[in-house]
There are 2 protein chains.
Amino acid sequence: MARWDPDAELRLRTAAMELFQAHGFENVTAAQIAERAGLARRSFFRYFPDKREVLFAGSEQLPVAIAEAFAAVDPGVRAWPAVLAALDTIGAQLAEVAVGSAVRREVIAASPELQERERTKAAAITAAIQAALEDRGENSATATLLAQTGTGVFQQAFTRWVEGAGTHSIQDCLAEAATRLRNALSD
Amino acid sequence: MARWDPDAELRLRTAAMELFQAHGFENVTAAQIAERAGLARRSFFRYFPDKREVLFAGSEQLPVAIAEAFAAVDPGVRAWPAVLAALDTIGAQLAEVAVGSAVRREVIAASPELQERERTKAAAITAAIQAALEDRGENSATATLLAQTGTGVFQQAFTRWVEGAGTHSIQDCLAEAATRLRNALSD
């Protein structure tokens with residue numbers, strides 16, 4: 001049995017990002033990632049089902065995190081401000097654990113397969129927001145629209161935050177994107 | 001050589017929809033679709049690369065149709081009203097050629113693979129709207145948000161139109177979704 005290593009997952013993620021960036025996602029194997037992280041090939045598969053999922057580690061926790069973020073918003077808050085409050089919470093959590101986000105974006109942008117996976121992740125975020133809004137009593141049609149809109153605002157804010165490399169807080173980026181959308185729709 | 005048949009594509013689409021609904025997408029083969037449409041198996045592949053694409057016939061034309069719809073909108077119209085005007089045009093075109101849309105929705109809802117493909121289609125619509133807005137001089141951040149928002153409004157309007165089975169025009173459904181979103185964001 002290999003010794004348990006608390007840093008192994010992070011080392012694998014970092015190694016994967018470096019290799020994907022240098023050689024392209026398609027040209028890197030799980031064995032190469034493990035080797036660069038100083039681990040045996042089989043160790044890779046204790047942490048990730050395949051090399052693609054290294055880029056989506058933790059995203060399976062997003063729906064639960066979103067539900068919890070909504071649960072912390074006062075029930076009297078109306079739907080859209082509740083979405084923005086929940087996204088603030090989620091954004092702060094993601095900002096803490098984000099690893100190599102700028103490189104990750106580049107790697108995904110270069111691969112249709114990864115873009116597809118990224119859209120599946122976005123759809124899971126949208127579905128979680130929609131469910132939370134319906135739990136708050138919002139009708140389904142409005143919940144759907146606000147969930148899609150919220151996801152779009154969140155994606156833009158996160159992109160800006162990554163591009164700004166920490167010069168703006170994720171909260172400022174969210175507020176900016178929400179204001180931008182509101183102004184554009186009022187035109 | 002098989003005789004050219006102007007109705008063959010439509011017969012294949014109709015046959016596919018009936019079989020997918022009855023047996024599930026995964027359990028139907030291209031050969032079965034061809035047989036039900038009264039065609040040889042090889043004829044299927046003259047019209048579609050695989051059984052999945054039967055459900056997405058014509059969608060490769062959407063980006064060009066969207067660009068043309070925007071080109072017909074007066075350049076003085078502001079971004080969001082321009083999006084809504086272009087979507088009105090696209091909606092009217094789709095309403096004319098939509099085949100078995102209600103069944104199509106059910107079939108897609110039952111298959112993660114088809115949902116993934118449907119998201120790829122939605123992403124192509126979003127990208128086309130974004131490009132059209134940037135061509136009109138809109139900045140990239142606003143174009144991205146409005147393109148995602150426009151796609152969401154369009155999807156909801158189209159769903160409503162399909163569910164209403166023609167009791168409302170697609171234009172009415174679009175106006176309703178746009179108003180619903182605007183009200184929800186003003187709350």
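A, B, ... follow the sequence lines: proteins, then strands. Residue 1 opens every chain. Worth knowing before you read on, the calculation uses all heavy atoms, side chains too, and leaves out hydrogens, waters and symmetry mates.
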Practice item. Pick one of side chain, backbone, both or neither for B/Gln155, based on which atoms fall under 4.5 Å of a heavy atom in chain A. Key: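 Contact with chain A: side chain only.
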Point to revise | Contacting moiety of B/Arg117, where chain A heavy atoms sit under 4.5 Å | key: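 Neither; nothing under 4.5 Å.
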Exercise for review: Name the option with the most non-hydrogen atom pairs under 4.5 Å to chain B; the candidates are A/Leu84, A/Thr126, A/Thr120, A/Val83.
Suggested key: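 Option with the greatest count: A/Thr120.
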Whether [Y] and [X] form a salt bridge (side-chain N of Lys/Arg under 4.0 Å from carboxylate O of Asp/Glu) is what I want to check.
X        : Y        : answer
A/Glu18  : A/Arg13  : no
A/Glu118 : A/Arg104 : yes
A/Glu116 : B/Arg119 : no

Check your understanding: So A/Phe158 and A/Trp161, would you call those rings parallel, tilted or perpendicular, with 30° and 60° as cut-offs?
Key ->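 Tilted.
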**Study point:** chain A contact residues among residues 141-150 of chain B, heavy-atom distance under 4.5 Å
**Key:**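 Checking residues 141-150 of chain B against chain A gives B/Ala141, B/Thr142, B/Thr144, B/Leu145, B/Leu146, B/Gln148, B/Thr149.
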Check your understanding: Would you say the side chain of B/Asp135 lies within less than 4.5 Å of the side chain of B/Phe70, judging by non-hydrogen atoms?
Key ->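 Not in contact.
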Review point. Passes side-chain contact (heavy atoms from CB on, under 4.5 Å), A/Phe25 versus A/Leu19? Steps please.
Key: CA-CA 8 Å; A/Phe25 174 76; A/Leu19 290 171; over 6 Å; no
Exercise for review: Report the C-alpha separation of B/Arg41 and B/Glu35 in whole Å, then their side-chain angles, then the decisive distance to 0.1 Å, and conclude whether the salt bridge (Lys or Arg N to Asp or Glu O under 4.0 Å) test is met.
Suggested key: CA-CA 7 Å; B/Arg41 181 176 178 283; B/Glu35 189 187 356; over 6 Å; no
